[in-house]
Amino acid sequence: MSRYNPKEQEPRWRAAWRDADTFLTKTPEQAQGRPKYYVLEMFPYPSGRLHMGHVRNYTMGDVVARYKRARGFNVLHPMGWDAFGMPAENAAIEKGVHPKGWTYDNIAAMRVQFDQLGLSLDWSREFATCDPEYYGQQQKWFAELFRRGLVYRKEATVNWDPVDNTVLANEQVIDGRGWRSGALVEKRKLTQWFLRITQYADDLIEGLKTLDRWPDKVRLMQENWIGRSQGLRFTFDLTGHPPEGFEGIEVYTTRPDTLFGASFVAIAADHPLAEQLAKSNPEIAVFAEECRRGAATEAEIETAEKKGLFTGLEVAHPFDPAWKLPVVIANFVLMDYGTGAVFGCPAHDQRDLDFARKYDLPVLPVVLPPDGTADSFKVDAEAYTGPGRIYNSRFLDGLSIEAAKAEAITRIEAAGRGHGSTVYRLRDWGVSRQRYWGCPIPVVHCAKCGPVAVAEDQLPVVLPDDVTFDKPGNPLAHHPTWKQTTCPQCGGPAERETDTLDTFVDSSWYFARFTNPHAASPIDREAADYWMAVDQYIGGVEHAVLHLLYARFITRALKDERMVGVAEPFAGLFTQGMVTHETFKGADGRWLAPAEVDYRTEGATKGFFETASGQSVTVGGVEKMSKSKKNVVAPEDIFDQYGVDAARLFVLSDSPPERDVQWTNSGVEGAWRFVNRVWAEVDGGTESGGVESEELLRATHKLIKAATEGLEGFRFNSAVAQFYAFLNTLKKAEGADRRAALRTLVVLISPFVPHLAEACWERLGGEGMAVDQPWPAFDPRLATDEELTLPIQINGKRRGEIRAPAGAAEEEVRRIALDDIDVQRHLEGLTVRKVIVVQDRIVNIVVG
RNA sequence: GCGGACGUGGCGAAACCGGUAGACGCAGCAGACUUAAAAUCUGUUUCCCAUCGGGAGUGCGGGUUCGAUUCCCGCCGUCCGCACCA
């Protein structure tokens, strides 16, 4: 008996698959009518190193791809690189390397690691989004959307680092300061390119209903993100002497029923009226400046202290001109949502209530809860947002909330002050980035014609290689010659756009490009019609909203261009959890990597010690593997020690795929043990002889059923547990002929541990390769037991069990149960009131 | 703050439609093999009282039900996303 040697077996089988072109995608003709199946994992950013998260993600996709292949599907399973983005530019600044060289070097390094994983990928379709062949095609469709008016320019706010003179991403703003300079970050307005995703808002909501193989939570998150709300848009008239040109303030509300509870009107700091007032009022200017600084993200804005500044202006209530409300500038009102102005109703909105308490504004309840009375109901520290009847509201009194909303809208519309309107939380997608390492926006600016899309025969607009990163800001903008060009429309002198596209654009259509990555047009319609939509898309849940929503939007936009036939790119979606690990800190507070730590017994104390110093180590929380906390286990070290299959098996085994899995050394050793046990069984089970065992046959069919259901339902951990259990059964079946059972087991584990399966298949004398074996079918009669053990409950408490034939009639089971000696003992002196028999499950005897 | 999830032994978990809670793995304990150790194999392992046996138990508090980890209401805790990270 020989120990399984992954170092010898694994490269051998990878070479065998490669030499046989096993994973080369078949054309529809070659597939000979077999149904297609498109499996895709979210493609990686080429950081240069494979991490355990990749191992988990791509192993899951591989299991699906190999399983579907065994089920007879014609499978497309491609891989590429999401290769544009900030890290390459950061490397250029910090290490003086060129983003292009850095990126392609990383791709080459990662490709080697990917090959080791033994994935069933068709590498002939590989591309990187930074290949001009890819982004040039992207520029083609982008130019089309521009001509169609789906692309436009408008002013938008960016984070500006006044020391580095550069735009900062939100993640580069740390506590309101630039990450490199440490300078206080300012908000600055720039003219930027936008994609009109809001035009598709309703379609994107409606489309969610068709995505029945998406997790409910992701659909819900997208719906909430789009945030369609019905409400009222209307104008409060300014009274007294407002600045010239400002007669009123237009607000949007989803609660027009609470209009009589209004006690102030709040506008955003960058509302035109606020900006006008700031010109002549230094106090307002200072406050607006304060609002402009700091908070880069919505989360920070929403959690920041609610602050306001009274402008001294007043507006009249729309239903009572004599009723005046103060106008305040508030840091929690967003210019991007609705009209950038709201009315505050403190009694029925918590944020408004907090604000009203702070600035001593009236709190007027206008919705009476069902169990409240007008005299007793008070709003104190908590706003009331529940159901009820309207009161304190003149002509709305007594109405339900819904009826009052309708009535308020009708009256406002009749008065010509506004109209009912649908508003989305979703904003148009700002795609401009003032950076070098991205897809150039294919537009030129002509003094005569304005912005003009680059003509198709002049694409791609290629990034120049000769750029420098010694000056702050966008290297494309400083390039001496690159931006000088001629106008495609009038032929006059013109300048290229120097902004590049958000990398989310690159990842919004790559799945369609994979169907024919070498096509002369962005998408080969015939190939896309055959392969799209992606049948199973797999990736991190952190992409639940942005990437997945953008990809759905672009697919719809391209469908309207007739470039693709489907509206929804991903028919099935699976969002997998992260790989986590314990964190360790040394005595001096430094983070320590797992490799720097030992578990041992030191005198009386057991625990973790730093290997180098022998000092004791604090064990922190279990967190996502990250460089900053050093709780990273390098996949290559694991492959080296246990082989790829053990690593693959472990990331699939311990936790359900949608949940986080905690990497542990002992866990991967368990997987390694399994690999060896399978090998040992196969090694010792190849000889004929032994008796045919019905028990083993039944166990085998049960296993096929369980494995198949586990794979279909994305319960890989359960499937793996069944393999382990089957191995235990197999060990105990001494004297039985195990050859058939082993062959079946090997085919079933093949998607999980493909190298081991091939080695075993060969040892068992199977024909061809394990990867080419069809998925075994099970006989439903053999996959269930003939006689079952049924628990007997008395008043819901388990009091015994009986044996009964499967499918036995209720009467028979009832008789066996009541005759049972244990049951009778418990029933002594009691009256049986009812006997509930659930077929093949349980018997519950109710006594009184 | 808003939106979404999750919470079961010492640990990772299973229980798919409301029907035996803890499959499978890890760690632990006991044993076999060994001069010894490692590796491997066998058994055992939710907690409490215990001889048979009984009681409690799925974050906490309530509810529906013959029966609740599963459904409903309220609370607590943890994690993810929040639009220029990918």
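Below, each value reflects all heavy atoms present in this structure, side chains not excepted, and no hydrogens, waters or symmetry copies.
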Return the 5'-most residue of the pair A:Asn170, A:Lys217 with respect to RNA chain B, ranking by each residue's nearest nucleotide.
A:Lys217
Taking the chi torsion of B:G9, is it syn (within 90° of 0) or anti (everything else)?
syn
Base, sugar-phosphate, or nothing for A:Arg433, non-hydrogen atoms under 4.0 angstrom?
base
Could you tell me whether the phosphate oxygens of B:C2, OP1 or OP2, come under 4.0 Å of any side-chain nitrogen or oxygen in A:Asn224?
no
Would one find a side-chain N or O of A:Asn717 under 4.0 angstrom from OP1 or OP2 of B:A23?
no
Atom pair distance, as rounded to whole Å: CG in A:Leu727 and P in B:C41
9 Å
Do A:Tyr424 and A:Ser229 make a side-chain contact, defined as non-hydrogen atoms from C-beta onward lying under 4.5 Å apart?
no
B:G7 phosphate, OP1 or OP2, under 4.0 Å from A:Arg659 side-chain N/O:
yes
So what's B:C6 paired with, Watson-Crick or G-U wobble, going by both distances under 3.5 Å?
B:G77
Using the closest heavy atom to pick a nucleotide of RNA chain B for each, name whichever of A:Arg677 or A:Val661 lands nearer the 5' end.
A:Val661
N/O (side chain, A:His826) to phosphate O (OP1/OP2, B:G54) under 4.0 Å
yes
How many whole angstroms separate atom CG of A:Asp660 from atom C1' of B:A5?
11 Å
Short side-chain N/O contact from A:Thr503 to OP1 or OP2 of B:A86, under 4.0 Å
yes
Could you go over nucleotides 44-49 of chain B and give all protein N or O partners under 3.5 Å, atom names and distances?
none

Fit a plane to each ring of A:Phe43 and A:Tyr510, take the angle between them on a 0 to 90° scale, and name the class: parallel (under 30°), tilted (30 to 60°) or perpendicular (over 60°).
parallel
Nucleotide of B:C80, B:G12, B:A23 approaching A:Val541 most closely (side-chain heavy atoms)
B:C80
Distance test, side-chain N/O of A:Arg673 to OP1/OP2 of B:C26, below 4.0 Å:
yes
All N/O pairs under 3.5 Å across the protein-nucleotides 64-72 of chain B interface:
{"unit_1": "B:C66", "atom_1": "O2'", "unit_2": "A:Asn844", "atom_2": "ND2", "d": "3.3"}
{"unit_1": "B:C66", "atom_1": "O2", "unit_2": "A:Asn844", "atom_2": "ND2", "d": "2.5"}

Which nucleotide in the list B:C80, B:G12, B:G1 gets nearest to the side chain of A:Asp654?
B:G12
Who pairs with B:A68 - Watson-Crick or G-U, where each distance is under 3.5 Å
none
Choose from B:G19, B:A14, B:G4 the nucleotide whose nearest atom is closest to any side-chain atom of A:Leu220.
B:G4
Given atom CH2 of A:Trp672 and atom P of B:A38, what is their separation to the nearest angstrom?
19 Å
Looking across every strand, which nucleic acid part, if any, lies under 4.0 Å from A:Gly667 by heavy atom: base, sugar-phosphate, or nothing?
nothing
